[in-house]
Every structure is written in structure tokens, then in C-alpha cells.
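One structure is given here, and the rest of the page talks about it.
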Number of protein chains: 2
Amino acid sequence: MNLVTASSESETASDPRTWTIAQVADEFGVTHRAVRHYEELGLISPERRGTVRIYRRRDRTRLNLILRGKRLGFVLEEIRTIINLYDEPRGQASQLRYVLNQINDRRADLERRRRDIEEALKELDDFEQRCQDDLLALDRG
Amino acid sequence: MNLVTASSESETASDPRTWTIAQVADEFGVTHRAVRHYEELGLISPERRGTVRIYRRRDRTRLNLILRGKRLGFVLEEIRTIINLYDEPRGQASQLRYVLNQINDRRADLERRRRDIEEALKELDDFEQRCQDDLLALDRG
DNA sequence: CTTTACGTTTACGTCAACGTCAAGTGACTC
DNA sequence: GAGTCACTTGACGTTGACGTAAACGTAAAG
């Protein structure tokens, strides 16, 4: 079991629920075209019933990771390597060590972005304070 | 004085230092083409000595904001509105209130990204823990 | 049995963010 | 004054991330 297949809800193994492309697209606020595009790039790979795609919990979890990655400014290619990291085989020590290294790289990346955000928020706070002061001065003037 | 023109160093008003496009591009790790592109979009507007661009502290500050915005996944158009926010006229109460509203929007945006990052980091931590456990089990097995 | 509602593939279009020539303008150096 | 920088302005090319339209399958509904 891994992060992608592990459910935040009660079940852990095979969730029988399925969704159509319209349902997931709608629910996640993207177009079916986008969902298919992610599949073309190998970020998700839903089952097929004939030619029709059927989406399971695992695919939804991946979609969540994809969209969060996008909000954070990662390109789809990066997002794929991140997602696939969670699914790589880790039977041997060498593989585990490789994955652990990747984890550290990812973490450094995320922490950098977090620092950027903290700075930006701090500047916004300062700026707001000055604006508030100006407003008060105007009201009193 | 505002956030963009305010210097983190000693001086506050007019810093006499200037830079060429090659210097700033080099120093910020981007190409001159990118710098000119930001200018085309109105994100910076360096002075001219004849046809030649000359960059001052203010332009460097803006470049910093631009690149940080990019790392955070904002598109250049958004970045422009953010940057220009700091420079908008705020003489009247209505303008100040508008700016304060914008600040809140920006803050909500940034805080959303921060939550995304916290989640991603938490998942990475969990994942690393499991990998470490697996590694230990292998070493002992 | 045709319409309606989804679904599919194929393929070309678009927009942002630059990359990459091409061709020209000073300014200085040999 | 010819060469070489460093800089300039076009203008077309490229890549990523989809949009969009065409043409077709399929299954339930009237």
C-alpha cells in the first residue's frame, strides 16, 4: 500500500466505486479534455470498460495531487515524476535509498516555495498596515 | 515611498547605482530576452540613456518580485497586477479601500498555496517514514 | 428506430512565456 | 576605418497545457 492508493476514508484495499470522465471532470472543476490530457502524459491511467474510461479512487487521488501540484506551479512533467515516486517499486535497499533522496529533493523544493510565500505574506502585511495608517490619517485629516 | 522603491539596504530615496541588461539578467539567472519580455508586458520599465536600458534598484526589486511570483506559480499577468498594486495611487479613501481589498484577495490566494504546501510536505514526511521503516526492516531481515 | 446524451479518437488551433535568428546602432580599440 | 563588443528592435519558432471542432460508437428514452 502506498500514499496514492491509501484512502483517507474507511477502506484501504479496493474501493468498488467508479466514476465517469464527466463526473470526475465536473467534480474537480476541470474539463474532460484536461483529464484526457493528463492521461496522455501518463499522470493517470484509468481502467477501460471497452473503450470507455472508468475512474476509481486511486485516479481521484492522483487527480488531487495533480491539481495541487499545478496550484503550486509545478509543470505536469514534474508532477508526473512526483506522483510516480509514490508508486515506484521499493523492494531493494538501493531503490529505497533512491526514493529517499528524491524525497529530500522534493522537500527542499517545497520548503523554498514556502519561504517565498512567507515573505510575500509578510510584505503584504506590512503594506496593508501602511494602507490602514494612511486611511486613518485621511479620516482624521 | 512604497514597498517596491523602499530598499532593504541603507538608502531609501534615490540609489545612484545602475546596471545594464546583461548584468541584471546574469545576476538574476535569466536571459536578456526574458527581461525584455517582462518589460513588454509592463512588469518593469527601466530608464533609457538613448536607446540603451539602464536598470536601477527599483527595477531589481521588481525583478525579485517577478521571479518569486513565478516560483509560486503565478502567471506574468497576475504578477503585474500584484506588483502594480504596490505602486497604485492611494491618495483617496476609495483608492485605499480598493487596494486593501486587493490585498485581502492576494492574501487568500497565498494562504491557499501555503496550505497546499503544508499538505504536500506532510505527505512527504509520512512517505519518508514508511520508506525508512522499510529500509530498517530490510537491514534487519 | 431515431433522437438524445455521453463517450471516443484524431487533429488542428491557441495562448503564454519565452528562444532564436537577423539586422542594425553606437562606442571603443587596434 | 575596420573589427569587436554590448546593446537594440523586429519577427518568426517552440514548448506546455490545454481548447475546439469533426466524425464516429453506444446505450437508454421516447
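Per chain, numbering begins at 1; letters A, B, ... match sequence-line order.
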For nucleotides 5-7 of chain C, tabulate all protein N/O to nucleotide N/O atom pairs closer than 3.5 Å, reporting atom names and distance.
from, atom 1, to, atom 2, distance (Å)
C:dG7, OP1, A:Thr20, OG1, 2.6

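- Residues A:Asp59 and A:Arg62 are not paired through a salt bridge, judged by the lack of any N-O separation under 4.0 Å between the basic side chain and the carboxylate.
- Among D:dT8, C:dT9, C:dG19, the nucleotide with an atom closest to any side-chain atom of B:Arg48 is D:dT8.
- In this structure, the CZ atom of B:Arg49 is 12 Å from the P atom of D:dT8, given to the nearest Å.
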Discussion item. Pair B:Asp133, B:Gln129 - check side-chain hydrogen bond (donor to acceptor under 3.5 Å, both in side chains), show working.
Written reply: CA-CA 6 Å; B:Asp133 292 350; B:Gln129 191 55 54; 3.2 Å; yes
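- Remark: B:Arg48 pairs with B:Glu39 by the side-chain hydrogen bond (donor to acceptor under 3.5 Å, both in side chains) rule, at least two apart or across chains.
- Checked against side chain to side chain contact (heavy atoms under 4.5 Å, CB included), A:Tyr98 has the following partners two or more places apart in sequence or in another chain: A:Glu88, A:Gln102.
- Distance CZ (B:Arg33) to P (D:dG10): 12 Å, rounded to an integer number of Å.
- Geometric assessment of B:Arg56 against the ring of B:Trp19 yields a negative cation-pi assignment under the 6.0 Å and 45° thresholds.
- A salt bridge is absent between B:Arg130 and B:Asp126; no separation between the charged side-chain nitrogens and carboxylate oxygens falls under 4.0 Å.
- Separating the NE2 atom of B:His32 from the C1' atom of C:dA17 is a distance of 15 Å, rounded to the nearest angstrom.
- Salt bridge A:Arg71/B:Asp116: present, at least one basic N to carboxylate O contact under 4.0 Å.
- A salt bridge is defined here as a Lys NZ or Arg NE, NH1 or NH2 lying under 4.0 Å from an Asp or Glu carboxylate O, and B:Arg58 with B:Asp87 meets this definition.
- B:Ile54 places its CD1 atom 19 Å from the P atom of D:dA6, with the value rounded to the nearest Å.
- Scanning residues 67-78 of chain B for heavy-atom distances under 4.0 Å to DNA chain C yields B:Lys70, B:Val75, B:Leu76.
- No salt bridge links B:Lys122 with B:Glu119; every basic N to acidic carboxylate O contact stays at or beyond 4.0 Å.
- The stretch residues 34-47 of chain A touches DNA chain D through A:Ala34, A:His37, A:Tyr38, each having a heavy atom under 4.0 angstrom from the strand.
- Judged as a side chain to side chain contact (heavy atoms under 4.5 Å, CB included), and not counting sequence neighbours, the contacts of B:Leu41 are B:His37, B:Leu43, B:Leu76.
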